[in-house]
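In this text, all values refer to a predicted model and were calculated from it rather than measured experimentally.
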Amino acid sequence: MAKLTILEFPDPRLRKKAVPVDVVDDELRTLIDDMFETMYDAPGIGLAATQVDVHRRLLVADVSSKKDDPHVFINPVIVEKDGVTVTEEGCLSVPGYYEEVKRAEHIRVRYLDRDGRECEGEFEGLLAVCVQHEIDHLDGKLFVDYLSEAKRSRIRKKLEKERRHQAAAVVA
């Protein structure tokens, strides 16, 4: 397995819309394993392929406290949603920032599993929020898009400033 590089906001590659996965094979399963390793190491509870610069409709999630309940969603489509919940969200692509976002409380998702089998599942709570957040990534949308332009701009400027300081420290 290999740890992948996570793209960070405002990298324009995060805005690229992912294309459907055509074939579920060993190469894709290796990517899935690498994504789990990357997500757990970060640490996070979800990771979309877009975040690691692979623009295919694939996401992984594990919201369990012991990191022992991994979920793989290939070509996920939300077919039903209801209820409303407001949750504080963070994102591995927007490190260190957390804001409240309104999402559906309950979702039904159609997807392929890691072996390419067609599945449909109902999810609620944190896993439902996580899946919606990661599907947004596959559509080129980030949680900061739910915020005001002023907040989004402030976050972008702070992250860019942090990167400049990190780059200067490496050069020095």
Donor-acceptor pairs under 3.5 Å, side chain of residues 2-9 to any protein atom, not counting sequence neighbours: which ones?
residue: Lys3; atom: NZ; partner: Asp41; partner atom: OD2; Å: 3.1
residue: Glu8; atom: OE1; partner: Arg163; partner atom: NE; Å: 3.3
residue: Glu8; atom: OE1; partner: Arg163; partner atom: NH2; Å: 3.2

Q | Non-hydrogen atoms of Val63 and Cys130 that approach each other most closely | A | CG1-CB, 4.2 Å

Q. Do other residues, nucleotides or ligands put more than 12 heavy atoms under 6.0 Å from the NZ atom of Lys157?
A. no

(Q) Would Ile32 and Ile74 count as a side-chain contact (heavy atoms from CB on, under 4.5 Å) here? Give the steps. (A) CA-CA 10 Å; Ile32 290 167; Ile74 301 168; 4.3 Å; yes

Q) Could you go step by step and tell me if Asp136 and Leu142 meet the side-chain contact (heavy atoms from CB on, under 4.5 Å) rule? A) CA-CA 6 Å; Asp136 275 355; Leu142 286 91; over 6 Å; no

**Q.** Single hit among Glu124, Glu122, Lys81 for side chain to side chain donor-acceptor pair (under 3.5 Å) with His106
**A.** Glu122

Q: Mind checking the CD-CZ spacing from Glu149 to Arg154? Nearest 0.5 Å is all I need.
A: 11.0 Å

Q: Provide the closest heavy-atom pair for Pro20 versus Asn75 in the form atom of the first, atom of the second, distance.
A: CA-OD1, 3.3 Å

Q: Report the residues that fulfil salt bridge (Lys or Arg N to Asp or Glu O under 4.0 Å) with Asp33, sequence neighbours left out, ordered by chain and then residue number.
A: Arg114

Q: Indicate if Val52 and Leu59 have the same hydrophobic cluster label, given that clusters are the connected sets of ILVMFWY residues with side-chain heavy-atom separations under 4.5 angstrom.
A: no

**Q.** Arg117 and Asp115 ion-paired at < 4.0 Å
**A.** yes

Q: Would you please classify the geometry between the Phe123 ring and the Tyr111 ring as parallel, tilted or perpendicular, with 30° and 60° separating the classes?
A: tilted

Q: Measure the spacing between CD of Gln132 and CD of Glu105 and express it to the nearest 0.5 Å.
A: 10.5 Å

**Q.** Closest non-hydrogen atom pair between Pro76 and Leu138, with its separation
**A.** CG-CD1, 3.9 Å

Q.
The test is salt bridge (Lys or Arg N to Asp or Glu O under 4.0 Å); show your working for Arg13 and Asp11 and say whether it passes.
A. CA-CA 5 Å; Arg13 293 172 291 179; Asp11 192 309; 2.6 Å; yes

Q) Is a donor on one side and an acceptor on the other found under 3.5 Å between the side chain of Arg152 and the backbone of Val144? A) yes

Q) Under a single-linkage definition using a 4.5 Å side-chain heavy-atom cutoff for Ile, Leu, Val, Met, Phe, Trp and Tyr, are Met35 and Val21 assigned to the same hydrophobic cluster? A) yes

Q: Answer yes or no: does atom CD of Glu88 have more than 12 heavy-atom neighbours from other residues, nucleotides or ligands under 6.0 Å?
A: yes

**Q.** Spacing of Asp62 atom CG and Tyr40 atom OH [to the nearest 0.5 Å]
**A.** 3.5 Å

Q) Roughly how far, to the nearest 0.5 Å, is the CD1 atom of Ile45 from the NE2 atom of His71? A) 11.0 Å

Q: Any chance you could lay out the side-chain contact (heavy atoms from CB on, under 4.5 Å) test for His165 and Glu162, step after step, and finish with the verdict?
A: CA-CA 5 Å; His165 285 300; Glu162 288 171 15; 5.8 Å; no

Q) Are Leu58 and Ile135 connected, step by step, through hydrophobic side chains (Ile, Leu, Val, Met, Phe, Trp, Tyr) whose heavy atoms are closer than 4.5 Å? A) no

Q. Is Thr30 reaching over with its side chain to a backbone N or O of Asp26, donor-acceptor style, under 3.5 angstrom?
A. yes

Q: Would you please test His133 and Phe143 for side-chain contact (heavy atoms from CB on, under 4.5 Å) and show each step?
A: CA-CA 7 Å; His133 176 111; Phe143 91 99; 3.8 Å; yes

Q: Heavy atoms only: give me the nearest Gln51-Gly46 pair and the separation to one decimal.
A: OE1-O, 4.4 Å

(Q) Pair Asp145, Arg15 - check salt bridge (Lys or Arg N to Asp or Glu O under 4.0 Å), show working. (A) CA-CA 11 Å; Asp145 296 338; Arg15 300 301 186 175; 2.5 Å; yes

Q. Is there a donor-acceptor contact under 3.5 Å linking the side chains of Asp53 and His55?
A. yes

Q) In terms of hydrophobic clusters joined by side-chain contacts under 4.5 Å, are Val60 and Leu31 together? A) yes

Q: May I ask you to test the Phe36-Val72 pair for a side-chain heavy-atom distance under 4.5 Å?
A: yes

Q: Drop me the distance from Arg57's CZ to Leu112's CG, to the nearest 0.5 angstrom.
A: 12.0 Å

Q.
Is the shortest side-chain heavy-atom distance between Val109 and Val131 below 4.5 Å?
A. yes

Q: Of all the heavy-atom pairs spanning Ala61 and Leu127, show the shortest one and how long it is.
A: CB-CD1, 4.1 Å

Q: Of all the heavy-atom pairs spanning Gly44 and Lys67, show the shortest one and how long it is.
A: O-NZ, 3.8 Å

(Q) Tell me whether Ile78 shares a hydrophobic cluster with Val129, the cluster being built from Ile, Leu, Val, Met, Phe, Trp, Tyr side chains joined at under 4.5 Å. (A) no

Q: Output, in order, the C-alpha distance, side-chain angles, deciding distance and verdict of salt bridge (Lys or Arg N to Asp or Glu O under 4.0 Å) for Asp139 and Lys16.
A: CA-CA 7 Å; Asp139 294 330; Lys16 190 171 179 180; over 6 Å; no

Q) Can you check whether Arg103 reaches Tyr146 side chain to side chain, under 4.5 Å on heavy atoms? A) yes

Q.
If I take atom NE2 from residue His137 and atom CG from residue Leu14, how far apart are they, to the nearest 0.5 angstrom?
A. 7.0 Å

Q: Please lay out, stage by stage, how Glu99 and Lys151 fare under the test salt bridge (Lys or Arg N to Asp or Glu O under 4.0 Å).
A: CA-CA 10 Å; Glu99 295 287 340; Lys151 275 189 180 180; 3.0 Å; yes

